[in-house]
Amino acid sequence: MLRSLLRILAPTLLLAMVSLARGAEPVVELLWPQGAPGAVGQDEADKPTLTIWKPAADKGNGSAIVICPGGGYQHLAVDHEGKQVAEFLNSHGVTAIMLKYRLAPRYRQPAPMQDVQHALRTVRARADEWKIDTKRVGVLGFSAGGHLASTAATHFDNGNPQGDAIAKQSCRPDFAVLCYPVITFSDPYTHGGSRKNLLGDNPPADLVKFYSNELQVTEQTPPTFLFHTNEDSGVVPENSILFYSALRKAKVPAELHIYEKGPHGVGLAPKDPVLSSWGGRLADWLKVRGYLTKPKPVFDSPEKVTDADFALQGEYTGEITTDEGKLKFGVQVIARGNGKFDAVGYAGGLPGDGWDTTTKFPAKGEKSGDSVTFAGDQGAAAVIRNGVMTIKNANGGSLGELKKVTRQSPTLGAKAPEGALVLFDGTNADAFEGGRLTADKLLQEGVTSKQKFQSGTLHLEFRTPYMPEDQGQARGNSGCYIQGRYELQILDSFGLEGKDNECGGIYSISAPSVNMCFPPLAWQTYDIDFTAATFDADGKQTKSGRATIRHNGVVIHNNLELKKSTPGGVSTDGPQPGALHLQNHGNPVRFRNIWWVAKP
């Protein structure tokens, strides 16, 4: 009996908890203080707004979500698809910003898209003031608002570097939440009213395609959560299914929930004890993706690092005394955040500099005061103090001292030879689709060269970020796709085993012969000698592609046969040339000095 009563009361109790988690009363601001582009008057309908709900000061986690209420692009359901949702998000520490965008019949496309893009830019421009992390800005929409949110997730740019404080911000959401969304404008699954209100009567085919967002998904589309009901006859669930399938094909992380029962337009469904659970599923998804906890530290340049552990991580080398005499010894120290460290010792020296390729000594360490102490196997220990690591035996006696070193690739800064095609030299990013620069003139991840290539040599310099509290594939992840087909992994794999899905690996084909990954925020090099696959007149492959790859000057793949393309590329198999693609996994990997020399 009590369990049944709690089940009935749960949605009501949830809304009561939501009200306790709110911060100050919401604030309403004009989205375009100087007037919206293409405004046809000065009435309220011509002035889109942002309503900002902030969580209680002790609950804020730095995440923010722009909410797009539904209403068929003709009105806005600002209560159950706006205010209630904002308060729900506040209860989870998320800043909520409801967008009142321009509507038909007064406005059609592109006005709503302009509004949501400007809203996302505004949130990032106001991040310090609103206590928001610019890398944790999402978009959420219901019904037609879900179409607008999916438009934001598939039509975006990186901002105008010459623009004002808002215009220079990216309008790409970091994640998207689509609730019983309109997705396609193509028959038979479209919502005719939304399409007519946004595009007008008898829109041209290219405009229908442009706003059929399942056709616009790419690997750059952000991770997405979708919610729908099987009984929804207003916007049929095939809309969510189409978008989810497109995300799957593009290898974009996604989660889809389709409930059997429930009509269209339910919002949080507070009166339905089953359907209301979708909010909990959303909270779980946000939690798993890290948006409901305080952001982990991410540093994309050494000058920005504020973590004292950064100075202690790195490479140490020297000699130790063993029963067999003096032995060259190297140690890689990996920061794991909050004063925790891993270390790997290498008999013979560091990888690529004497290591015997088999003998390793792992250890765990912790900082106390100005030193770090490591405990290894059989009582051995090590202590770092003042840039020197002292190796000790089980009795506490010193076996030797190792000094911290900073290695540099012998090809770092290599100049492009005569006849080379310079793809990036820090001047501009014009050689790449989607190319964008940092303030210090470095190329950002997530770009594809306009030029396409067959056989040749590539020189590429890259730098992984310092992300001490992240692990594995979440730590400095990108990828260099040769010909857009074969992924050479880029990852902060410093101190790891050296697998095919770690730095230097050809994903699913071959691990590097040695893990030559330098510490995060150190510049590294790939030098790739590539021979393209050959095909006969019927398009049948007669020879596989091959590659010899040097990582930081050391050969890690020698004339490796590339029997297949790897997942996630931008080119299909075939005799046609392919582009250089630098993958975007949401981590701030940086690039410089990229050039290509074609083989005759």
Side-chain angles (χ1 to χ4, degrees), residues 315 317 328 330 332 344 346-360 405-417 420 423 453-464 476 478-483 485-520 522-533 543-566 580 582 589 591-600:
E315 297 186 312
T317 188
K328 186 178 179 181
Q332 293 181 327
V344 182
Y346 301 91
L350 293 166
D353 187 32
W355 177 44
D356 64 14
T357 72
T358 57
T359 312
K360 290 183 179 182
V405 296
T406 301
R407 291 195 286 173
Q408 181 173 297
S409 168
T411 65
L412 193 69
K415 294 184 178 180
L423 294 169
F453 310 100
Q454 290 286 12
S455 301
T457 58
L458 174 71
H459 176 82
L460 174 81
E461 300 182 7
F462 65 94
R463 186 176 72 187
T464 60
S478 179
C480 169
Y481 277 83
I482 307 163
Q483 263 201 337
R485 298 185 176 104
Y486 313 103
E487 183 185 10
L488 174 59
Q489 293 277 316
I490 294 176
L491 193 72
D492 176 11
S493 303
F494 178 61
L496 299 186
E497 295 181 43
K499 299 179 178 179
D500 70 287
N501 66 343
E502 295 174 358
C503 201
I506 304 290
Y507 184 62
S508 75
I509 293 180
S510 178
S513 60
V514 60
N515 179 7
M516 279 304 301
C517 191
F518 284 172
W523 281 106
Q524 307 188 54
T525 61
Y526 278 148
D527 291 280
I528 304 166
D529 186 319
F530 173 72
T531 301
K543 286 186 180 180
S544 299
R546 288 187 174 271
T548 295
I549 301 172
R550 289 172 170 80
H551 185 189
N552 293 324
V554 175
V555 175
I556 59 171
H557 298 287
N558 188 14
N559 197 29
L560 176 69
E561 184 178 7
L562 304 172
K563 295 182 179 180
K564 60 179 181 178
S565 58
T566 59
L580 170 65
L582 303 176
V589 178
F591 300 90
R592 70 180 190 188
N593 193 20
I594 307 172
W595 44 264
W596 171 271
V597 178
K599 290 182 179 179

Nearest-0.5 Å distance, CG of residue L562 to NE2 of residue H557
9.0 Å
Donor-acceptor pair, side chain of E315 and main chain of R407, under 3.5 angstrom
no
Using 0.5 Å steps for rounding, measure from the CD atom of E497 to the NZ atom of K360.
6.0 Å
Heavy-atom closest contact (N515 atom, L496 atom, distance):
ND2-O, 3.0 Å
With a 4.5 Å cut-off on side-chain heavy atoms, are R463 and Q524 touching?
no
Return the minimal non-hydrogen interatomic distance between C517 and S493, and the atom names on each side.
SG-N, 3.5 Å
Does the side-chain contact (heavy atoms from CB on, under 4.5 Å) test come out yes or no for I506 and D500, once each step is laid out?
CA-CA 6 Å; I506 304 290; D500 70 287; over 6 Å; no
Side-chain donor-acceptor pair under 3.5 Å between K328 and T317, yes or no?
no
Without swapping roles, check the side chain of Q483 against the backbone of F453 for a donor-acceptor pair under 3.5 Å.
yes
Between T566 and R485, is there a donor-acceptor pair closer than 3.5 Å when you use the side chain of the first and the backbone of the second?
yes
Quick check for you: to the nearest 0.5 Å, what is the distance between F518 atom CZ and S409 atom OG?
6.5 Å
Compare all side-chain heavy atoms of L350 with those of V405 and state whether any distance is below 4.5 angstrom.
yes
Check whether S455 reaches the backbone of K599 with its side chain - one donor and one acceptor, N or O, closer than 3.5 Å.
no
So L580 and I594, side-chain contact (heavy atoms from CB on, under 4.5 Å) or not? Walk me through it.
CA-CA 10 Å; L580 170 65; I594 307 172; 3.9 Å; yes
V514 vs W355, test: side-chain contact (heavy atoms from CB on, under 4.5 Å). Steps then yes/no.
CA-CA 10 Å; V514 60; W355 177 44; 4.2 Å; yes
Does D527 form a side-chain contact (heavy atoms from CB on, under 4.5 Å) with L460? I'd like the steps, not just the answer.
CA-CA 7 Å; D527 291 280; L460 174 81; over 6 Å; no
What orientation do H459 and W595 show, parallel under 30°, tilted 30 to 60°, or perpendicular over 60°?
parallel
For K415, I'd like to know if atom NZ has over 12 heavy atoms of other residues, nucleotides or ligands within 6.0 Å.
no
T411 vs T525, test: side chain to side chain donor-acceptor pair (under 3.5 Å). Steps then yes/no.
CA-CA 7 Å; T411 65; T525 61; 3.1 Å; yes
Rounding to 0.5 Å, atoms OG (S565) and CD1 (I482) come to a distance of 12.5 Å
Taking only Lys NZ, Arg NE, NH1 and NH2, and the carboxylate oxygens of Asp or Glu, determine whether R550 and D529 approach each other closer than 4.0 Å.
no
Which distance, rounded to the nearest 0.5 Å, do you find between the CD1 of I556 and the SG of C503?
7.5 Å
Polar side-chain atom of N559 near backbone of A547 as donor-acceptor pair, under 3.5 Å
no
Look at atom NZ of K499 and say whether more than 12 heavy atoms of other residues, nucleotides or ligands are closer to it than 6.0 Å.
no
Contact summary for A533 and Y486, nearest pair of heavy atoms:
CB-OH, 4.4 Å
Residue Y507 excluded, over 12 heavy atoms near OH under 6.0 Å
no
Atom pair SG (C480) and CD1 (I528), whose distance is rounded to the nearest 0.5 Å:
4.5 Å
Closest heavy-atom contact between W523 and R592?
NE1-NH1, 3.3 Å
Tell me if the centroids of the rings in Y526 and F462 come within less than 6.0 Å of each other.
yes
Backbone N or O of L560 within a donor-acceptor pair of the R546 side chain at under 3.5 Å?
no
Considering all heavy atoms of both residues, which atom of P512 and which atom of G498 are nearest to each other, and what is their separation?
CD-O, 3.5 Å
Which heavy atom in N501 sits nearest to a heavy atom in L491, and how many Å separate them?
O-CD2, 3.7 Å
